[in-house]
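Source: prediction; values computed, not measured.
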Amino acid sequence: YEASRKILIRSAKNELSNSADALLRRIGLSRAEIARNLQLIAEHSAAVDALLADQTLSQATGTKEKDNETLTKSKAGSDAIAELFRLLMLANPDYAQMRLIAFKDHGLERVRVDRDGEHLLRVVGDELQEKGHLPYVYETRRRAPHAIYLSRFAVNRERGAHSGFGKPAVQMATPVFNAQQAAIGVVVINVDMNSGFAQLASSVPEDYRLYLANGNGDYLIHPN
């Protein structure tokens with residue numbers, strides 16, 4: 001009995017280890033692709049325009065014409081980034097939320113697109129939130145150009161996250177720099193990990209029940 005028990009335990013460990021290795025490889029490939037998308041957005045002129053326009057306006061240009069030009073440039077840049085977010089989220093169903101966040105104004109969101117069920121929702125106006133107190137903003141601010149911030153895996157509890165709320169997620173971010181190489185904002189992608197974790201759960205035998213938790217005790221996979 002004891003020998004059979006050890007064989008079963010060893011077999012179960014091997015199967016779980018193989019499943020975890022497969023998930024790790026998938027996460028690694030996904031991380032590389034997300035990093036490329038983040039860097040593409042961070043270097044897009046529209047992202048810089050949207051963030052620089054806020055800075056220029058705050059410096060009291062002194063003429064109504066220049067202020068109007070700045071506002072027009074800001075809106076055009078924001079609209080272009082929102083459309084880019086929408087296209088990337090259509091192509092990547094795991095992207096639960098994409099945001100362009102300024103380091104000014106306590107980390108105020110400038111552009112934000114959420115996945116809301118089967119729809120993509122652009123959040124505007126007073127619904128945009130300040131995120132300067134969160135690690136994916138203040139830690140990314142200290143990073144060099146093209147560097148990628150990766151959060152811990154955790155359950156998303158941010159207010160107004162729409163379909164991403166209450167689901168296991170990871171945030172990846174990269175800073176946006178202006179022509180003077182000063183960090184002016186951050187691009188953030190919230191990735192819904194449910195599909196990846198579902199693949200891990202489906203890869204184990206049917207008579208197993210899989211639990212996965214992070215170091216804080218959040219259940220990321222639970223059979224119930």
Side-chain angles (χ1 to χ4, degrees), residues 30-92 95-115 120-151 158 160 170-191:
S30 177
R31 178 181 177 182
E33 180 182 354
I34 296 169
R36 288 192 293 269
N37 287 335
L38 284 169
Q39 290 165 357
L40 181 150
I41 300 166
E43 295 178 3
H44 199 294
S45 60
V48 178
D49 286 346
L51 295 170
L52 282 180
D54 291 319
Q55 290 189 339
T56 304
L57 197 60
S58 69
Q59 293 170 0
T61 58
T63 66
K64 184 175 180 180
E65 291 77 10
K66 287 186 177 180
D67 285 349
N68 289 337
E69 181 182 347
T70 297
L71 288 172
T72 301
K73 188 176 184 181
S74 175
K75 184 178 185 306
S78 297
D79 290 344
I81 291 299
E83 177 62 12
L84 181 55
F85 284 177
R86 188 186 71 83
L87 293 174
L88 285 171
M89 292 177 72
L90 285 174
N92 298 274
Y95 291 9
Q97 185 182 69
M98 296 185 68
R99 288 170 290 172
L100 177 66
I101 300 174
F103 289 138
K104 284 172 50 59
D105 301 325
H106 309 288
L108 183 64
E109 297 169 334
R110 299 302 185 195
V111 183
R112 173 175 149 200
V113 179
D114 289 358
R115 191 175 298 281
L120 297 177
L121 174 66
R122 181 179 178 182
V123 178
V124 296
D126 292 340
E127 294 299 314
L128 297 172
Q129 301 173 15
E130 296 175 354
K131 299 294 184 180
H133 60 289
L134 294 173
Y136 58 74
V137 175
Y138 65 76
E139 290 190 12
T140 304
R141 186 173 192 170
R142 297 194 289 263
R143 280 169 163 71
H146 309 297
I148 300 296
Y149 167 85
L150 176 67
S151 73
E158 287 193 66
V170 63
Q171 288 86 32
M172 291 184 64
T174 196
V176 179
F177 287 80
N178 61 16
Q180 291 73 40
Q181 292 303 298
I184 57 175
V186 57
V187 183
V188 186
I189 299 179
N190 277 33
V191 185

| Any donor-acceptor pair under 3.5 Å from Gln39 side chain to His146 backbone | yes
| message | Looking at every heavy atom in both Tyr149 and Pro135, which two are closest together, and how far apart are they? | response | OH-CB, 3.4 Å
| message | Tell me the closest heavy-atom pair linking Ala42 and Pro175, and the distance in Å. | response | CB-O, 3.6 Å
| message | Using 0.5 Å steps for rounding, measure from the CE atom of Met98 to the CG atom of Asn190. | response | 10.0 Å
| query | Which is it for Val48 and Val176 under the side chain to side chain contact (heavy atoms under 4.5 Å, CB included) test, yes or no, and what are the steps along the way? | reply | CA-CA 7 Å; Val48 178; Val176 179; 4.0 Å; yes
| query | Quick one: which of Arg122, Lys104, Arg99 gives a salt bridge (charged side-chain N to carboxylate O under 4.0 Å, His left out) with Glu109? | reply | Arg99
| About how many Å separate NZ of Lys75 and CG of Asp49, when rounded to the nearest 0.5 Å? | 14.0 Å
| Side chain proximity check, Ser151 to Tyr136, heavy atoms < 4.5 angstrom | no
| field | side chain to side chain donor-acceptor pair (under 3.5 Å) involving Arg86 - partner list, sequence neighbours excluded | value | Glu83
| query | How close do Ser74 and Ala50 get, heavy atom to heavy atom, and via which atoms? | reply | OG-O, 3.9 Å
| said: side chain to side chain contact (heavy atoms under 4.5 Å, CB included), that's the test. Do Thr140 and Val187 meet it? Break it down for me. | reply: CA-CA 9 Å; Thr140 304; Val187 183; over 6 Å; no
| message | To the closest 0.5 Å, what do you measure between CG (Leu88) and CD1 (Ile189)? | response | 7.0 Å
| Evaluation steps, side chain to side chain contact (heavy atoms under 4.5 Å, CB included), between Leu120 and Phe85 | CA-CA 10 Å; Leu120 297 177; Phe85 284 177; over 6 Å; no
| Side chain to side chain, Leu128 and Val123, heavy atoms closer than 4.5 Å | yes
| Among all residues two or more places apart in sequence or in another chain, which pass the salt bridge (charged side-chain N to carboxylate O under 4.0 Å, His left out) test with Arg31? | none
| query | Any donor and acceptor pair, going by atom type alone, linking the side chain of Thr174 with main-chain N or O of Ala147 inside 3.5 Å? | reply | yes
| message | Contact between Ile101 and Leu108 at the side-chain level, heavy atoms closer than 4.5 Å - yes or no? | response | no
| When rounded to the nearest 0.5 angstrom, what is the spacing between OG in Ser45 and CD1 in Ile81? | 8.0 Å
| said: Between Asp105 and Arg110 (salt bridge meaning N to carboxylate O under 4.0 Å), is one present in this structure? | reply: yes
| For Tyr95, does its backbone N or O pair with a side-chain atom of Asn92 as donor and acceptor, under 3.5 Å? | no
| message | To the closest 0.5 Å, what do you measure between CG (Asn37) and CG (Leu87)? | response | 11.5 Å
| message | For Glu130, I'd like to know if atom CD has over 12 heavy atoms of other residues, nucleotides or ligands within 6.0 Å. | response | yes
| task | Could you grab the distance from atom CG of Leu100 to atom CG of Leu84, nearest 0.5 Å is fine? | result | 10.5 Å
| field | Stepwise side chain to side chain contact (heavy atoms under 4.5 Å, CB included) test for Val188 and Met172 | value | CA-CA 6 Å; Val188 186; Met172 291 184 64; over 6 Å; no
| Residues which pass salt bridge (charged side-chain N to carboxylate O under 4.0 Å, His left out) with Arg143, listed by chain and number, not counting sequence neighbours | none
